[in-house]
Amino acid sequence: MAPLRFALPNKGSLSAPAAQMLAEAGYRVHRSGRELIVADPSNDVQFFFLRPRDIAVYVGEGSLDVGITGRDLLLDSTVSAKEILPLGFGRASFYFASRPGGISDQAGLSGKRIATSYPNLVQHHLSEQGIEAKLVRLDGAVETAVELGVADAIADVVETGVTLKTSGLETFGKPILKSEAVLIQGDTVEGTPSAVRSVEILHRRLQGVLIARRYVILDFDCPASAQEEAFELVPGIESPTVSPLAREGWVAVRSLVPRDDAPFIMDELWRVGARAILVSSLDTCRI
Ligand SMILES: Nc1ncnc2c1ncn2[C@@H]1O[C@H](COP(=O)(O)OP(=O)(O)OP(=O)(O)O)[C@@H](O)[C@H]1O
Ligand SMILES: O=P(O)(O)OC[C@H]1O[C@H](OP(=O)(O)OP(=O)(O)O)[C@H](O)[C@@H]1O
Ligand SMILES: [Mg+2]
């Protein structure tokens with residue numbers, strides 16, 4: 001059976017979190033030096049470390065089976081690889097921006113020069129809106145293009161907004177796109193049963209990591225008379241687990257709850273009579 005050929009970002013914002021997530025999912029992605037190909041024989045996977053922008057190209061044309069890249073980079077590549085799982089990191093929005101008091105809405109871009117590193121993504125959006133503008137394709141640091149007179153506006157990734165602010169620019173209009181890291185799959189996978197199986201396992205493992213990051217385990221003891229009220233607070237992903245307690249008239253309950261909601265749910269559980277309320281983290285899971 002041929003190993004699954006998996007493209008990973010070799011540098012940039014997505015690189016470390018992608019490797020971390022795969023390690024949590026049980027893959028061995030460790031690079032001891034600067035090698036560009038790493039084998040993980042126990043999982044029958046071969047990792048190829050590539051520029052994030054190139055990953056969609058390799059996966060799209062079938063040289064590699066799957067990869068992790070940004071949704072914005074996938075769309076800009078215009079290849080037919082498909083997004084099969086959003087991964088919850090590398091989140092950023094894609095906006096137009098110009099000088100304050102300059103262009104203030106997307107219609108105002110008509111006939112203007114727009115600097116971007118994502119020309120296909122931007123052109124597609126402009127065509128959808130029926131706007132004709134001239135794109136100036138740059139490799140990076142596009143915020144400087146307005147100051148240097150190369151463009152009237154830019155279209156770029158905004159994470160914290162600090163780069164825009166320090167360049168004297170501000171966004172206008174709605175975001176063109178909300179992006180995050182995504183798992184992508186090439187068209188050739190579907191014709192190869194062993195690759196389909198490997199991708200199913202990969203998908204389930206990564207979903208396990210995502211759930212472990214988003215949920216915590218909540219354990220508590222509850223008077224049986226209050227259990228219905230408690231269950232409404234902790235429906236779990238499928239259903240809470242209930243076990244008898246040695247103490248007459250009480251039950252022990254275990255459920256998964258969203259990490260961010262846990263403090264509020266604990267307050268409410270206490271109010272309905274639950275006690276010994278414990279929260280613990282999941283390492284990973286299969287649900
Ligand atoms: N602050 C950020 N800057 C740039 N890209 C970001 C940021 N946060 C998330 N991303 C996402 O990372 C991907 C771009 O990664 P890429 O490695 O090409 O650029 P980078 O992180 O800016 O690295 P570099 O420019 O140093 O090569 C895109 O999907 C983008 O949406
Ligand atoms: O909203 P922020 O948190 O400021 O992040 C967004 C900025 O970061 C990236 O640039 P990067 O530093 O990667 O330089 P580059 O443009 O040369 O890629 C991106 O292109 C934006 O300029
Ligand atoms: Mg960059």
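These values consider heavy atoms only, across backbone and side chains, with no hydrogens, waters or symmetry-generated copies. Being a predicted model, the structure only gives us computed values, none of them experimental. Each ligand, and each atom within it, is numbered from 1 in the order the structure gives.
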For R51 and ligand 1, answer yes if some heavy atom of the residue is under 4.0 Å from a ligand atom, otherwise no. yes
The atoms of ligand 1 lying under 4.0 Å from a heavy atom of Y118, numbered in the order shown, are 28 (C)
Restricting to heavy atoms, the pick from V142, I154, D156, T116 nearest atom 19 (C) of ligand 2 would be D156
closest protein heavy atom to atom 7 (C) of ligand 2 is T163 OG1, 3.5 Å
re atom 18 (O) of ligand 2, the protein heavy-atom contact at minimum distance is G140 CA, 4.4 Å
Is the shortest N/O to N/O distance between R71 and ligand 1 below 3.5 Å?
no
Within 4.0 Å of some non-hydrogen atom of A141, the atoms of ligand 2 are 15 (P), 16 (O), 17 (O)
Quick note on ligand 2: atoms under 4.0 Å from a heavy atom of V157 include exactly 6 (C), 19 (C), 21 (C)
To the nearest 0.5 Å, atom CZ of R271 lies from atom CD of E229 at 6.0 Å
In this structure, CD of Q185 is separated from CD1 of I84 (nearest 0.5 Å) by 4.5 Å
Numbered in order shown, the ligand 1 atoms found under 4.0 Å of a heavy atom of K11 are 17 (O)
Note: I217 and L256 closest approach over all heavy atoms is CG1-CD2, 3.9 Å
Under 4.0 Å from one or more heavy atoms of V158, ligand 2 contributes atoms 1 (O)
In short, V79 meets A56 closest at the heavy-atom pair CG2-O, 3.2 Å
- Query: Hey, does P9 sit under 4.0 Å from ligand 1 if you only count heavy atoms?
  - Reply: no
Closest non-hydrogen atoms of D76 and L121, given as atom of the first, atom of the second and distance, are OD1-N, 2.8 Å
F49 six-ring face occupied by R34 cation (under 6.0 Å, within 45°): no
Closest heavy-atom approach to atom 22 (O) of ligand 2 among E159, E143, K165 is made by E143
At under 4.0 Å between heavy atoms, what of P52 touches ligand 1? The answer is side chain
With heavy atoms and a 4.0 Å threshold, my read on which part of F89 contacts ligand 1 is neither
